[in-house]
2 protein chains.
Amino acid sequence: MPDEIPDASLGCAAHGIGGMPELVELAVVLTATVARVAEEQELTPMQGRLLCGLGDQPQRMVDLAQLLGIEKAALTGLVDRAERRGLLERGPVPGDRRAVQVSLTDAGTQAVAAFEAGVTSALDGLLATLPVEDRPEFRRLASAVVVAARGARAA
Amino acid sequence: MPDEIPDASLGCAAHGIGGMPELVELAVVLTATVARVAEEQELTPMQGRLLCGLGDQPQRMVDLAQLLGIEKAALTGLVDRAERRGLLERGPVPGDRRAVQVSLTDAGTQAVAAFEAGVTSALDGLLATLPVEDRPEFRRLASAVVVAARGARAA
DNA sequence: GGAAAAGGTTCGTACTGTTGACTATACATG
DNA sequence: CATGTATAGTCAACAGTACGAACCTTTTCC
């Protein structure tokens with residue numbers, strides 16, 4: 001995982017095409033920021049996402065895969081690696097012998113708390129470069145884009 | 001690559017921690033958007049980034065790695081795979097027999113043009129969900145964050 | 001002239017993801 | 001109740017991506 005922000009990114013900053021590069025450059029910056037926090041916590045970014053996705057309640061694989069936007073087979077591998085690390089465990093689902101539910105272990109709960117705190121802090125640091133009055137505006141617009149994108153997909 | 005926007009993302013939307021999740025969810029949405037365009041063009045996202053990074057002039061590997069924010073060894077593999085696809089070629093650098101320069105082939109030039117157009121269109125589509133007057137504001141704030149992040153890293 | 005640094009590759013390793021196939025189980029239908 | 005369909009999850013093969021260490025060749029520095 002790159003530990004530095006690249007000078008160019010998806011979308012061709014080198015060409016200076018109007019408008020486009022900011023957003024993909026932003027994605028790269030945000031992703032690299034999260035990756036750095038994950039590395040500090042000895043996680044991979046996907047492991048961080050997985051642990052966050054688990055939250056307080058056991059989750060079924062099918063629901064987790066949907067939540068994370070990945071294929072079930074990919075989730076099998078991701079959960080295998082996290083289980084091997086002792087961060088989570090698989091268990092049976094009452095009433096459905098096909099299904100498997102996944103829940104955090106104590107180590108996983110600790111890891112995710114640290115990861116969350118680190119990501120919050122790192123992103124606050126990223127936005128600290130903006131004028132104070134612009135920060136909630138930026139978050140609001142970001143949220144609006146995400147909600148709309150998710151709504152479009154669910155439709 | 002997920003072809004749908006996940007319900008949660010890096011940063012723990014499930015926990016609803018104030019502010020943080022929007023930005024990492026945004027990164028996931030943007031990355032997934034670019035990945036879909038890449039797939040349409042039969043590229044991987046990193047191949048898209050690489051071709052955009054090459055631009056109009058041959059680039060040395062050491063500069064490309066820096067530009068893309070990856071280790072030289074990783075770039076060797078990335079360039080190997082793109083070269084195998086006929087998208088670029090390696091050549092000598094006058095005056096420095098250690099160095100290798102990389103340049104787009106005709107096929108690569110065509111691929112990157114289509115990729116750029118597709119990404120532009122897809123991102124415009126993403127932002128179309130925002131009120132018209134908010135779009136330049138969002139791009140401006142995104143750009144400011146990226147410029148600041150890149151500046152901090154270069155320092 | 002020799003040491004240090006630079007440019008790039010190779011190798012081993014791990015993570016991530018897709019696709020297709022498979023097994024076991026749940027559900028729907030006649 | 002038997003049978004067909006659908007679902008949940010895993011497995012295997014494969015490919016892309018990335019890092020760190022080691023290596024070779026060449027350039028730069030003292």
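Both backbone and side-chain heavy atoms feed into the values below; hydrogens, waters and symmetry mates do not. What you are looking at is a predicted structure, and each value in this text was computed from that prediction instead of being measured.
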| L75(A) vs L50(A), side-chain contact (heavy atoms from CB on, under 4.5 Å): CA-CA, chis, key distance, verdict | CA-CA 9 Å; L75(A) 182 63; L50(A) 172 61; 4.1 Å; yes
| request: For the pair R139(B) (side chain) and L23(A) (backbone), establish whether a donor and an acceptor sit closer than 3.5 Å, ignoring hydrogens and angles. | output: no
| Spacing of M46(B) atom CE relative to dT16(C) atom P, expressed in whole Å | 16 Å
Please list, for nucleotides 20-24 of chain D, all pairs of protein and nucleotide N/O atoms separated by less than 3.5 Å.
none

| request: Measure from CZ on R49(B) to P on dG16(D) and round the result to the nearest Å. | output: 18 Å
| message | Quick test of your reading: applying side chain to side chain donor-acceptor pair (under 3.5 Å), list the pairs with at least one residue in residues 98-107 of chain A, sequence neighbours left out, ordered by first then second residue. | response | D96(A)-R98(A)
| Can you find a side chain N or O atom of R81(A) that sits less than 4.0 Å from OP1 or OP2 on dT16(C)? | yes
| task | Please assess V37(A) against V34(A) for the test side-chain contact (heavy atoms from CB on, under 4.5 Å), listing each intermediate value before the final yes or no. | result | CA-CA 5 Å; V37(A) 175; V34(A) 172; 5.7 Å; no
| said: Please check: side-chain N/O of Q66(B) versus main-chain N/O of D63(B), any donor-acceptor pairing under 3.5 Å? | reply: no
| Can a salt bridge be assigned to the pair R140(B) and E137(B) using a cut-off of 4.0 Å between side-chain N and carboxylate O? | yes
| task | Residues of residues 82-97 of chain B with any non-hydrogen atom less than 4.0 angstrom from an atom of DNA chain D: list those, numerically ordered, please. | result | R84(B), D96(B), R97(B)
| request: Check for a donor-acceptor pair, side chain of S121(B) on one end and backbone N or O of A117(B) on the other, with a separation under 3.5 Å. | output: no
Protein-nucleotides 2-5 of chain C N/O pairs closer than 3.5 Å?
none

| field | Comparing V100(A) and Q47(B) on DNA chain D - which has the more 5′ nearest nucleotide | value | V100(A)
| field | Which atom of A142(B) lies closest to which atom of F138(A), heavy atoms considered | value | N-CE1, 3.7 Å
| field | Residue whose closest nucleotide on DNA chain C lies nearer the 5' end, V62(B) versus G77(A) | value | V62(B)
| said: Strictly below 4.0 Å, N to O, side chains only: are D80(A) and R85(A) in salt-bridge contact? | reply: no
| said: How many whole angstroms separate atom CG of L75(B) from atom P of dG16(D)? | reply: 15 Å
| Who pairs with E40(B) by salt bridge (charged side-chain N to carboxylate O under 4.0 Å, His left out), at least two apart in sequence or on another chain? | none
| Is D124(A) salt-bridged to R135(A), cutoff N-O under 4.0 Å? | no
| request: Calculate the interatomic distance between L43(A) atom CG and dA14(C) atom P; express it in whole Å. | output: 17 Å
| So, the side chain of R49(B) versus the backbone of L68(B): is there a donor-acceptor pair under 3.5 Å, distance only? | yes
| query | Nearest-Å distance, CG (D80(A)) to C1' (dT16(C))? | reply | 13 Å
| query | To the nearest Å, how far apart are I70(B) CD1 and dG16(D) C1'? | reply | 12 Å
| query | For L78(A) and dT18(C), what is the distance between atoms CG and C1' respectively, to the nearest whole Å? | reply | 15 Å
| said: I'd like to know whether V145(A) forms a side-chain contact (heavy atoms from CB on, under 4.5 Å) with L130(B), so could you lay out the CA-CA distance, the side-chain angles of the two residues, the decisive distance to 0.1 Å, and finally the verdict. | reply: CA-CA 7 Å; V145(A) 170; L130(B) 291 177; 3.8 Å; yes
| query | Between T44(A) and dT16(C), is there a side-chain N or O to OP1/OP2 distance below 4.0 Å? | reply | yes
| request: Work out which heavy atom in V93(A) is nearest to a heavy atom in R60(A); give both atom names and the distance. | output: CG2-CG, 4.0 Å
| query | Out of dA8(D), dG7(C), dT9(C), which has the shortest distance to the side chain of T76(B)? | reply | dT9(C)
| Helix axis bend for the helix from dG1(C)-dC30(D) to dG30(C)-dC1(D) - C1'-based end axes, five pairs, 10° rounding | 20°
| message | What is the separation between atom NZ on K72(B) and atom C1' on dT10(C), rounded to the nearest whole Å? | response | 13 Å
